[in-house]
Chemist: 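I have a structure here, written as structure tokens, and I will follow up with some questions on it.
Counting convention: from 1, in listed order, for ligands and their atoms alike.
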Amino acid sequence: MRTPKNFFSPLALGAPEPLKEIPFRPSRMIHFFDPSNEKMRAKVAGIAPTVDVLLGNLEDAVAVDNKEAARAGLVEVGRNWTSGETQLWTRVNSLDSPWFLDDLMTLVSEIGDKLDVVMVPKVEGREDIHFVDQLLAQLEARARLDRPILVHAILETAQGVANVEEICGASPRMQGLSLGPADLAADRRMKTTRVGGGHPGYLVRQDPEEGRDDSDRAVYQQDLWHYTLSRMVDACGTYGILPYYGPFGDIADTVACEDQFRNAYLLGCVGAWSLHPVQIDIAKKVFSPEPSEVEWAIRVIDEMGDGTGAGMIDGKMQDDATVKQCHVVVNLARELAAKDPDLASSYGF
Ligand code: GLV
Ligand code: MG
């Protein structure tokens, strides 16, 4: 365990100073691509300016025979990377795989200056983060990097969920967490066979009534991910890092994807993964506050003066706490608008 005294010390001689605070950078969508696929690599220059984060995926969904081609393809992408505000991330293979070590060693030494965040799958506890942290420090020192590469963990095992707080607090490199519903479902022995989203069997049913047929009793589908997402949001908030919903695998069901993303947004997440270009616009829409919400929030802040006391606006009670909520919305709108001129004009900034 690193004590408060040395928590922010570099872990290797010559490694860059750890950050004291995780900077908020727009990351409404983490757009996944397979760098082993030449056609996808050719599209990178066109897609990069349309997303907040582009992620070269080396782990699941890349076939075993393509693992090395994916790593080499990402090095090629990184060498040609000139995409300004857009962040370049990677998802490396898991710590117990035969590829992890070469993934990290190659990427940091070849394109470490271009990589913002390394996403680590199947993180179980703080020891996994400590291992990656130390290795990254060694590699950063060797590559003479002048800023630290951050770490993002996927929450996708029962043990990872049980240890979520210690994972968030394991290193100053921790940038955020994503929910990994597919692996998590398998690890927990949930009986779903999909990537994220709901399930029609997970429901509550209206009580029976005299004279009413059972088939008339309304059913309400419930959110399978509410518990995990809520734990994740609280753990991230506690440690000052960022929570994300992960993947939604039914690409054709854009409506349910939007709903799932919005649940995550309302609970406190800052973004989600996009696995297909149609999900980029969904995430952009959902994870940017609505202009009407921003307008309302600005009005509450203005009318509430110094932000203390109680008042009524359009029949709704406002006080110090509603003013704080309004600041959350307006601050997010300003941070996103700084990168997105269309959004800025929709907010009237
Ligand atoms: C993502 O990696 C997932 O398992 O859902
Ligand atoms: Mg997974």
Chemist: I'd like to know if Arg91 pairs up with Asp60 as an ion pair, taking the criterion as any Lys NZ or Arg NE/NH1/NH2 lying under 4.0 Å from an Asp or Glu carboxylate oxygen.
Modeler: no

Chemist: Find all atoms of ligand 1 within a distance of less than 4.0 Å from any non-hydrogen atom belonging to Glu156, and give their numbers and elements.
Modeler: 1 (C), 2 (O), 3 (C), 4 (O)

Chemist: Does this structure show an ion pair linking Asp133 with Arg2, if we count only N-O contacts that are shorter than 4.0 Å?
Modeler: yes

Chemist: If you consider just the N/O/S atoms, which atom of Glu156 is the closest one to the Mg ion (ligand 2)?
Modeler: OE1

Chemist: So do His199 and Lys191 actually touch side chain to side chain, heavy atoms under 4.5 Å?
Modeler: no

Chemist: Out of all atoms in ligand 1, which are within 4.0 Å of some heavy atom of Trp273? Include the element for each.
Modeler: 1 (C), 2 (O)

Chemist: Is Glu59 close enough that one of its N/O/S atoms sits under 2.8 Å from the Mg ion (ligand 2)?
Modeler: no

Chemist: What atoms in ligand 1 come closer than 4.0 Å to a heavy atom of Gly180?
Modeler: 1 (C), 3 (C), 4 (O), 5 (O)

Chemist: Please state whether Pro247 comes within less than 4.0 angstrom of ligand 1, counting heavy atoms only.
Modeler: yes

Chemist: With the threshold set at under 4.0 angstrom, would you say Glu59 reaches ligand 1 through any of its heavy atoms?
Modeler: no

Chemist: Over 60° means perpendicular and under 30° means parallel, so tell me whether Tyr265 and Phe287 are parallel, tilted or perpendicular.
Modeler: perpendicular

Chemist: Relative to the ring of Phe248, is the ring of Phe261 parallel (under 30°), tilted (30 to 60°) or perpendicular (over 60°)?
Modeler: perpendicular

Chemist: Run the ring pair (Phe, Tyr, Trp, His ring centres under 6.0 Å) test on His152 and Tyr244 for me, step by step, so that the C-alpha distance in whole Å, both residues' side-chain angles and the decisive distance to 0.1 Å come before the verdict.
Modeler: CA-CA 10 Å; His152 180 110; Tyr244 298 75; 5.1 Å; yes

Chemist: Under 4.0 Å from a heavy atom of Ala182: which atoms of ligand 1 are those, numbered in the order shown and with their elements?
Modeler: 3 (C), 4 (O), 5 (O)

Chemist: Are Arg299 and Asp302 ion-paired here, with the side-chain N under 4.0 Å from a carboxylate O?
Modeler: no

Chemist: Do Lys339 and Glu85 sit within salt-bridge range, that is, some charged N less than 4.0 Å from a carboxylate O?
Modeler: no

Chemist: For Asp183 and ligand 1, does the shortest N/O to N/O distance drop below 3.5 Å?
Modeler: yes

Chemist: Heavy-atom distances under 4.0 Å decide this one: backbone, side chain, both or neither, for Met119 against ligand 1?
Modeler: neither

Chemist: How does Pro121 reach ligand 1, if at all, at less than 4.0 Å between non-hydrogen atoms: by side chain, backbone, both, or neither?
Modeler: neither

Chemist: Using a 4.5 Å cut-off on heavy atoms from C-beta on, say whether the side chain of Asn331 contacts that of Phe24.
Modeler: no

Chemist: Got an N/O contact under 3.5 Å between Pro181 and ligand 1?
Modeler: yes

Chemist: Name whichever N, O or S atom of Asp183 ends up nearest to the Mg ion (ligand 2).
Modeler: OD2

